[in-house]
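Notes for the one structure printed next.
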Number of protein chains: 2
Amino acid sequence: MLSKTCEYGIRATIFIALQSLMGMRTSLKYIAEEIDSPEAFTAKILQKLVRVKIIESSKGVNGGFNMASDRIKSTSVLDIVYAIDGYDICNRCVLGLSQCSSNNPCSVHHKFRPVREDLIALMNKTTVEEMALGIKDKLAILR
Amino acid sequence: MLSKTCEYGIRATIFIALQSLMGMRTSLKYIAEEIDSPEAFTAKILQKLVRVKIIESSKGVNGGFNMASDRIKSTSVLDIVYAIDGYDICNRCVLGLSQCSSNNPCSVHHKFRPVREDLIALMNKTTVEEMALGIKDKLAILR
DNA sequence: ACATATTCGGACACAAATGTCCTATTTTTT
DNA sequence: AAAAAATAGGACATTTGTGTCCGAATATGT
């Protein structure tokens with residue numbers, strides 16, 4: 001459903017949020033270990049999330065990544081997906097027809113629209129906070 | 001949502017079904033033109049669909065592809081997707097967690113299950129016949 | 001000031017998906 | 001029998017997604 005890049009991005013964000021909730025800043029190295037992702041690749045993904053200000057970074061000794069508490073509350077899965085994969089995911093025709101749209105729908109357009117919309121809505125209302133709190137007890141589950 | 005390979009496969013199948021409903025067998029060349037897909041690549045995809053007997057092929061002069069009417073009625077989008085991309089699509093965790101399952105769900109597992117199941121159900125009950133009849137008037141829409 | 005620890009960012013490397021080419025095989029027509 | 005028209009299938013090529021490496025920039029502690 002989502003690209004690996006997105007999956008890493010979401011998992012990393014959840015982990016950073018968890019650490020931030022405990023008042024801690026987290027290094028890339030630690031993040032990659034905990035979410036079981038390739039370190040350098042994860043770095044690229046986190047850069048993107050920093051640019052759109054979903055997370056914050058600081059360089060140097062004791063640097064790392066953290067997430068402001070208002071961002072933890074307000075950021076949705078969809079925000080992360082958009083930041084990483086772009087906005088196109090949702091607009092693609094099921095049959096890959098270039099002409100297909102609401103005006104000029106393919107033969108299954110209307111049937112698939114509700115499912116698609118449900119998915120978008122779900123991603124839009126699922127926040128980082130919710131995901132983080134959902135696993136607060138058992139930290140080691142992000143891998 | 002679906003791979004390009006699947007999209008080509010579905011569109012080709014719909015076109016073959018349309019032709020078969022009119023009692024005609026269709027050549028690869030014509031199919032690729034009509035659905036706007038790369039010819040040689042489409043050939044590979046059709047081979048897969050022939051192997052699982054969704055469509056039939058015959059070689060030689062006046063050869064080509066056709067679809068039996070019972071297949072047109074009984075084949076679903078899901079059948080085509082399974083034949084081309086395999087059975088794994090549906091079982092992957094949204095967060096890409098290797099451990100995630102019904103027994104040991106991730107923090108969003110239960111939230112996303114209904115949407116996922118709706119999508120599978122929808123693909124399962126959408127038949128080739130339905131898709132073909134949906135565009136019977138305006139043939140040139142499969143591109 | 002210097003050494004160290006960290007992110008940033010460009011260039012490169014590998015893998016998987018997508019696409020192409022060429023020959024073999026089969027069937028029909030002449 | 002030979003030529004032509006079509007699919008079958010292996011090998012190769014290109015593009016995109018995923019992943020690595022290394023030096024630059026920046027912040028902290030000594």
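Here is how names work: the chains are called A, B, and so on, in the same order as the sequence lines, proteins then strands, and each is numbered from 1.
Nucleotides of DNA chain C lying under 4.0 Å from heavy atoms of chain A occupy a range whose first and last members, 5' to 3', are C:dT4 to C:dA11.
A donor-acceptor contact closer than 3.5 angstrom links the side chains of B:Ser58 and B:Arg25.
Between B:Asn91 and B:Tyr87 the shortest heavy-atom distance is ND2-O, 3.8 Å.
In the region residues 91-98 of chain A, proximity to DNA chain C at under 4.0 angstrom, judged on heavy atoms, holds for none of the residues.
Every side chain to side chain donor-acceptor pair (under 3.5 Å) that B:Thr126 has, sequence neighbours left out, goes to A:Lys111.
Checked by atom type and distance alone, the side chain of B:Ser107 never pairs as donor or acceptor with a backbone atom of A:Gly134 at under 3.5 Å. Between the side chain of B:Ser76 and the backbone N or O of B:Asp79 there is at least one donor-acceptor pair closer than 3.5 Å. For A:Ser20 (side chain) and A:Met67 (main-chain N/O), a donor-acceptor pair under 3.5 Å exists by modelled atom type. At least one donor-acceptor pair under 3.5 Å links the side chain of B:Arg11 to the backbone N or O of B:Ile35.
In this structure, B:Lys29 atom NZ and D:dT7 atom P are separated by 11 Å, rounded to whole Å. Put simply, CD1 on B:Ile31 is 11 Å from P on D:dA8, counting in whole angstrom units.
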*Going 5' to 3' through nucleotides 17-27 of chain D, assign each nucleotide B (protein heavy atom under 4.0 Å from a base atom), S (under 4.0 Å only from sugar-phosphate atoms) or - (no protein heavy atom that close).*
-SBB----BBB
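Between B:Gln47 and the phosphate of D:dG9, there is a side-chain N or O to OP1/OP2 separation shorter than 4.0 Å.
Pairs of residues two or more places apart, or lying in two chains, never qualify as ring-ring contact (aromatic ring centres under 6.0 Å, His included) while including a residue from residues 88-130 of chain B. Every pair passing salt bridge (charged side-chain N to carboxylate O under 4.0 Å, His left out) that includes a residue from residues 48-76 of chain B is listed here, sequence neighbours excluded: B:Lys73-B:Glu129.
A salt bridge is defined here as a Lys NZ or Arg NE, NH1 or NH2 lying under 4.0 Å from an Asp or Glu carboxylate O, and B:Arg92 with A:Glu7 meets this definition.
Among the heavy atoms of the strands lying under 4.0 Å from B:Arg51 are primed sugar atoms or P, OP1, OP2 only; no base atom is included.
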